Every structure is written in structure tokens, then in C-alpha cells.
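This report concerns only the one structure given below.
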Amino acid sequence: MSRFDEVIERRGTNAVKWDGLKAVFGREDVLPMWVADMDFKAPDVVIQAIGQSASHGVYGYTIVPDSTREAIINWMADRHNWSIEKEWLLFNHGVVPSIGAAVEALTEPGDAVIVQPPVYNPFFDMIEKNGRKLVYNELLLKDGRYEMDFADLEEKVKTEHAKMVVLCSPHNPGGRVWTKEELTTLGDLCEKHNVFLISDEIHADLTREPHKHISIASLSERYAAFTVTLIAPSKTFNLAGLQASSLIIPDKAVRAKLQKVFAKQGQFTLNQMGIAGMEAAYRHGHEWLDEAIDYIQENARLVKDYAEQHIQPLTVMEPEGSYLVWVDCRPLGLSDKELLALFLDHGVALGNGAKYGPGGEGFMRINVACPRSMVVETMERMKKAVESL
């Protein structure tokens with residue numbers, strides 16, 4: 001039995017995924033397969049590090065020590081073959097606030113910022129709520145996987161006078177791990193048109209073989225000069241509640257602009273438990289993560305195989321990175337509202353594809369970072385839902 005098979009009761013812990021069901025879906029008697037956090041316990045080394053920090057009993061102001069920076073530097077070198085420097089690192093409570101800060105720091109009100117839907121929907125909020133113009137460069141769905149539409153992207157950059165592109169790498173919700181060739185084309189395009197690039201790489205650590213995540217800023221000093229790379233242990237080790245993330249910004253001038261925004265917001269450090277958990281995870285979490293990736297891959301394959309055998313109208317996009325499975329439900333001929341209601345009526349709360357922007361209509365997102373028994377039960381309920389039509 002795998003450690004990840006353990007079913008852990010999360011109700012009553014203020015977990016958005018479980019305790020937020022009533023507010024979001026209007027009912028609590030469903031399996032929550034929507035929010036992108038794991039139902040796995042964090043690595044023992046993380047639990048121990050947090051416990052040790054908590055046991056001290058004094059919870060004053062904190063600093064992020066060099067040992068945490070060193071843990072991140074070593075992690076990026078070991079897992080992603082990118083040699084970074086400690087001066088490049090800034091810290092924030094999460095990737096989404098960092099996107100908002102980057103938009104504010106590097107663009108002006110009214111500037112166009114491009115995203116590539118269907119994509120993680122908080123991107124939209126951070127652009128529009130900062131008074132920028134949201135522009136879509138819709139991904140192309142070819143042979144069951146997404147590709148970037150570079151011709152459309154360049155046209156949008158030129159006609160909209162875009163100042164920034166926000167990249168989701170690996171892609172959420174489609175699970176694509178972008179290739180070196182794709183990233184090079186994107187980097188060259190941004191350089192040619194003097195466009196900043198924000199690369200959200202929060203799912204990078206969850207890439208599975210034979211795919212290999214590449215940080216676009218690692219490919220060239222030229223790309224690094226206009227790129228802000230966002231990482232966090234939150235998806236990797238299920239630490240979202242600790243609210244600790246990092247920004248990797250090689251260019252000093254770009255870094256200074258972000259620091260100015262952080263200072264304006266009063267953001268200057270991380271919380272004590274976030275620091276302890278982040279450092280322990282990056283320093284000692286390799287073995288746990290390797291096991292988790294294998295387990296998640298089997299869960300994703302189970303969803304794909306089950307759908308092919310028992311729910312044939314549905315097509316499953318098995319992720320190359322992340323623990324999110326993107327399911328094409330368009331053959332059912334239902335609206336997004338009807339799809340969501342159909343599966344809710346059969347006891348499953350899924351991520352509604354329409355909220356991820358153009359191209360997401362008719363899709364559902366399933367989080368498979370949970371005990372396998374939950375995945376099996378989810379697929380059985382989805383089968384009954386489709387059979388009920």
C-alpha cells in the first residue's frame with residue numbers, strides 16, 4: 001500500500017476544497033475534484049520542520065535566511081538544470097499575488113497583456129483588476145494536445161501594442177509541457193517586440209517522463225533579461241496553506257521594479273511556517289516527490305483508460321505535467337452549466353472548463369492528486385452520469 005492511498009479526513013480544517021463545497025456548489029455530499037491541491041500529507045520532513053519551528057513558542061517578525069535561498073538554488077539546479085543566483089530571488093505569499101505585482105510593476109494602466117486560454121483563470125483577474133487590457137491568444141487544440149498559435153500571438157502583440165505575455169508552464173488546465181523549440185520561438189518573439197514575459201511555473205516540479213520542464217529564462221541570458229519566473233512548493237508538496245512562493249528575476253532593473261511594488265504593498269517577508277516548510281521541502285523532498293509523481297501518473301492513466309473503456313463519448317487529455325486532467329465533454333452536447341449540474345447530480349464536483357476562458361467551453365478539469373479510491377469512485381460516478389442522459 002502506498003502512503004498516498006491513505007484517505008485523510010479534511011472536513012472541518014477550513015479546507016477550501018472540502019469545506020468550501022457548500023458555498024461554491026450549493027451542496028456538500030459530493031467528491032471535490034476541483035481545487036488544485038492534493039489530498040496527501042506533506043512530506044514528514046516538512047511536518048517535522050514546521051513542528052520544530054512552532055515548538056519554539058515565539059512567533060515574531062521573520063527574515064528569509066540564506067539557507068532557504070540555497071535550498072531553492074540547489075533544487076532548481078538538481079531538478080531543472082538551471083543555475084540561479086541568490087540575488088535573483090524575491091519572495092511573496094503566492095504566485096497569483098506575484099503576477100499582480102508584476103503586471104503593476106512592468107506595465108502601465110491601459111496596456112495590453114496577453115494570455116493563452118484556456119488557462120488558469122486568476123490570470124484574467126490580475127490583469128483586469130490592475131486596469132490593464134486583457135488580450136487572448138487562444139491555444140490550438142491539435143490531435144488531443146495544445147499548441148501555441150505564434151502567428152496570432154505576434155499579430156496580437158503588434159496590433160494591441162502588448163507590453164507583456166503571461167505564460168503558464170506547464171500549462172494549466174491542459175497539462176502541456178512546452179518544448180525547447182516552442183519556448184525558443186516564444187522567447188524570440190518577446191525579444192523582437194520588447195515584451196515582458198511572466199512565466200508561471202508552479203506545476204514545473206510535477207512534470208513526468210519522458211517530458212522535461214524547461215524554464216524559459218534558463219535558455220538564454222537574453223530571455224532572462226525580460227522574464228520573471230514564478231515558482232512555489234505549494235503544488236509540488238501540498239503547501240498552499242503556508243503561502244510561500246519565490247520570484248526568480250535575473251535582471252537587476254526588473255527586480256527593482258518588483259521590489260518597489262512590494263514595498264508599496266507593505267510586503268517584505270514570509271511567515272515563519274512558510275519559510276520552514278519551503279526550505280525543508282526543497283532540501284529534503286526529492287524522494288517524496290518522485291513517489292508522488294509516479295502515483296499521480298497512475299491516477300491520470302486510470303482516468304484515461306476508464307474513460308476509453310466505459311465513457312467513450314469523453315476524451316481525456318493525459319497531463320504531461322501537473323496533476324490536472326482535462327476532459328473533453330463536448331460530444332455530450334451540453335452547455336457548461338448543464339455539464340456541471342450533470343456531474344454534481346451524480347456526486348462529483350469538477351472544474352468547469354468555461355471559466356478558463358475561450359477554448360475551455362465543454363471541458364471539465366479533474367484533480368487526481370488524491371487517493372486512488374477517490375479517483376475510481378469519481379470515474380464510476382461520471383460513468384453513471386453519462387449513462388443517465
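This is a predicted model, so every value here is computed, not measured.
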Does anything in residues 226-248 pair up under side chain to side chain donor-acceptor pair (under 3.5 Å), and if so which pairs, sequence neighbours excluded?
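Applying side chain to side chain donor-acceptor pair (under 3.5 Å) to every pair that reaches into residues 226-248, excluding sequence neighbours, yields Asp205-Thr236.
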
Backbone of Ala54 reached by a side-chain donor or acceptor of Tyr59 within 3.5 Å:
yes

Could you list who else is in Ile63's hydrophobic cluster, with ILVMFWY side chains joined at under 4.5 Å, directly or through other members?
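Cluster partners of Ile63: none, it stands alone.
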
Quick test of your reading of the model: are Glu380 and Lys384 salt-bridged, counting only N-O distances below 4.0 Å?
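Salt bridge between Glu380 and Lys384, a charged N being under 4.0 Å from a carboxylate O: no.
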
Those residues that, when tested against His284, pass ring-ring contact (aromatic ring centres under 6.0 Å, His included) (two or more places apart)
none

Show me the donor-acceptor pairs, under 3.5 Å and distance only, between side chains in residues 34-45 and residues at least two apart or in other chains.
unit_1, atom_1, unit_2, atom_2, d
Trp34, NE1, Lys17, O, 3.1
Asp37, OD1, Arg10, NH1, 3.2
Asp37, OD2, Arg10, NH2, 3.1
Asp39, OD1, Arg10, NH1, 2.8
Asp39, OD1, Trp18, NE1, 3.0
Asp39, OD2, Lys17, NZ, 2.9

What donor-acceptor contacts under 3.5 angstrom involve side-chain atoms of residues 100-113, with partners at least two apart or in another chain?
unit_1, atom_1, unit_2, atom_2, d
Glu104, OE2, Lys264, NZ, 2.3
Thr107, OG1, Val103, O, 2.5
Thr107, OG1, Arg132, NE, 2.8
Asp111, OD2, Glu108, N, 2.7

Is it the case that the ring center of Trp75 lies less than 6.0 angstrom away from the ring center of Phe237?
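They qualify: ring centres under 6.0 Å apart.
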
Between Phe4 and Trp288, ring centroids under 6.0 Å:
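Close enough - the centres of the two rings lie under 6.0 Å apart.
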
Under a 4.5 Å side-chain heavy-atom rule over Ile, Leu, Val, Met, Phe, Trp and Tyr, are Met33 and Ile311 clustered together?
yes

Just how far is it from atom CG of Leu189 to atom OG1 of Thr184, taken to the nearest 0.5 Å?
12.0 Å

Mind jotting down which residue pairs meet the ring-ring contact (aromatic ring centres under 6.0 Å, His included) criterion with at least one end in residues 337-360? Sequence neighbours excluded, please.
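Residue pairs passing ring-ring contact (aromatic ring centres under 6.0 Å, His included), neighbours aside: Trp326-Tyr356.
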
